[in-house]
Undergrad: 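Got a structure for you, written out below as structure tokens; questions coming shortly.
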Amino acid sequence: MKILVPVKRVVDYNVKVRVKADGTGVETAGVKMSMNPFDEIAVEEAVRLKEKGVATEIVAVSLGVAACQETIRTALAMGADRGILVETEVELQPLAVAKLLQALVAKEQPGLVIMGKQAIDDDMNATGQMLAALLGWPQGTFASKLAIDGATATVTREVDGGLETVALALPAVVTADLRLNEPRYASLPNIMKARKKAIETVKPADLGVDPAPRLTLVSVAEPAKRKAGVRVASVAELVAKLRNEAKVI
Ligand code: AMP
């Protein structure tokens with residue numbers, strides 16, 4: 001079974017994100033970029049399925065600017081077999097990504113797509129669901145456990161207040177949650193080996209998709225700064241402040 005793993009290049013999770021002065025987005029110039037952490041988990045899961053003999057090939061896909069090659073190389077160093085870069089300067093929104101992935105699925109015919117539940121840059125949490133809908137495939141989102149048995153994927157999902165287990169007929173889309181696994185670090189020999197693995201580059205037009213944004217970003221703003229707290233000398237003073245100033249009791 002072939003597994004397709006979409007991997008997004010995002011601002012590194014350790015970076016303190018800053019809003020651009022004109023409020024049109026977040027600052028990315030000179031900022032460290034990395035693979036979206038949930039996508040690392042998705043790659044790890046695919047590699048484990050290959051190690052178990054369930055998967056035969058892992059294809060890592062990234063969509064965006066030429067530098068997304070680096071993100072694909074990271075996936076290749078973790079154990080993916082080859083990469084596809086869908087190169088565009090256009091700012092990609094989930095529907096465009098889902099349509100491009102749909103076209104790649106038609107071309108590559110994977111038995112499973114494993115992706116992150118959410119990209120940590122714009123927190124859309126939409127692409128996996130949209131892709132499953134476009135393909136008409138079953139989806140197992142927020143997976144914390146995945147088992148494949150023949151033509152069925154059993155997915156344990158993290159839902160409010162507990163876990164839900166669903167059985168999906170393959171082919172299917174699975175989105176990875178935090179507890180699915182702990183991704184490995186790529187070893188130096190594997191980083192060297194990854195340099196020789198193939199990355200094919202295609203453009204959205206080659207896939208017959210118009211990736212133009214459908215949503216307009218109106219503005220981006222920093223969260224309101226928290227006001228400094230005050231110390232009170234006694235419980236009586238606290239109660240008086242809550243009653244007379246905050247007016248909450
Ligand atoms: P989102 O719906 O934007 O929160 O993203 C959910 C998942 O879709 C991510 O974790 C990735 O696996 C995938 N994805 C979204 N955008 C891209 C992209 N530009 N390139 C590769 N994968 C992407």
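For ligands, and for the atoms within them, numbers begin at 1 and follow the listed sequence. Numbering of residues begins at 1 and proceeds along the displayed sequence.
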Undergrad: Which heavy atom of Glu87 sits nearest to which heavy atom of Thr201, and what is that distance?
TA: OE1-CG2, 3.4 Å

Undergrad: Would the distance check show the side chain of Lys50 and the main-chain N or O of Ile58 forming a donor-acceptor pair, the cut-off being under 3.5 Å?
TA: no

Undergrad: Please list the nearest protein heavy atom to atom 9 (C) of ligand 1 with its residue and the distance rounded to 0.1 Å.
TA: Asp39 OD1, 3.4 Å

Undergrad: Answer yes or no for Gly64: is there a heavy-atom contact with ligand 1 below 4.0 Å?
TA: no

Undergrad: Which atoms of ligand 1 have any heavy atom of Asn125 under 4.0 Å away?
TA: 1 (P), 2 (O), 4 (O)

Undergrad: From the options Thr74, Asp39, Val65, Leu63, select the one residue that forms a side-chain contact (heavy atoms from CB on, under 4.5 Å) with Arg9.
TA: Val65

Undergrad: Of the protein's non-hydrogen atoms, which lies at the shortest distance from atom 1 (P) of ligand 1, and what is that distance?
TA: Thr127 OG1, 3.4 Å

Undergrad: List ligand 1 atoms under 4.0 Å from Asn36, heavy atoms only on the residue side.
TA: 9 (C), 10 (O)

Undergrad: Going through the checks in order, is the side-chain contact (heavy atoms from CB on, under 4.5 Å) test met by Val105 and Gln102?
TA: CA-CA 5 Å; Val105 165; Gln102 179 192 19; 5.7 Å; no

Undergrad: Identify, for atom 22 (N) of ligand 1, the protein heavy atom at the shortest distance, and state residue, atom and that distance.
TA: Pro6 CB, 3.5 Å

Undergrad: Just jot down the ligand 1 atoms closer than 4.0 angstrom to any heavy atom of Ala119, in number order.
TA: 1 (P), 3 (O), 4 (O), 5 (O), 6 (C)

Undergrad: Test of understanding: given a 4.0 Å heavy-atom threshold, classify the contact between Val7 and ligand 1 as side chain, backbone, both, or neither.
TA: backbone

Undergrad: Short list, please: which atoms of ligand 1 are under 4.0 Å from a heavy atom of Met124?
TA: 1 (P), 2 (O), 3 (O), 4 (O)

Undergrad: If we ignore hydrogens and angles and just use 3.5 Å, is the side chain of Lys32 paired with the main-chain N or O of Asp12 as donor and acceptor?
TA: no

Undergrad: Provide the closest heavy-atom pair for Ile84 versus Ile72 in the form atom of the first, atom of the second, distance.
TA: O-CD1, 3.3 Å

Undergrad: How close do Val5 and Ala42 get, counting heavy atoms only, and between which atoms?
TA: CG1-CB, 3.9 Å

Undergrad: Tell me whether Leu63 has any N or O atom under 3.5 angstrom from an N or O of ligand 1.
TA: yes

Undergrad: Ignoring hydrogens and angles, state whether a donor on the side chain of Asp149 or Thr152 is under 3.5 Å from an acceptor on the partner side chain.
TA: no

Undergrad: Evaluate Asp123 for polar contact with ligand 1, using N/O atom pairs at a separation under 3.5 Å.
TA: no

Undergrad: Answer yes or no: does an N/O atom from Ala126 fall short of 3.5 Å to an N/O atom of ligand 1?
TA: yes

Undergrad: Measure the distance from atom 16 (N) of ligand 1 to every protein heavy atom, then report the residue, atom name and distance (to 0.1 Å) of the closest one.
TA: Lys8 CD, 3.4 Å

Undergrad: Determine the minimum heavy-atom distance between Ala176 and Leu180, stating which atoms define it.
TA: CB-CD2, 3.7 Å

Undergrad: Compute the shortest N/O to N/O distance between Gly116 and ligand 1 and return yes if it is under 3.5 Å, no if not.
TA: yes

Undergrad: Could you tell me whether Lys8 and Asp122 have a side-chain N and a carboxylate O separated by less than 4.0 Å?
TA: yes

Undergrad: Is Val61 close enough to touch ligand 1? Criterion: a residue heavy atom under 4.0 Å from a ligand atom.
TA: yes

Undergrad: Would you mind finding which of Gln118, Met115, Gln129 brings a heavy atom closest to atom 8 (O) of ligand 1?
TA: Met115

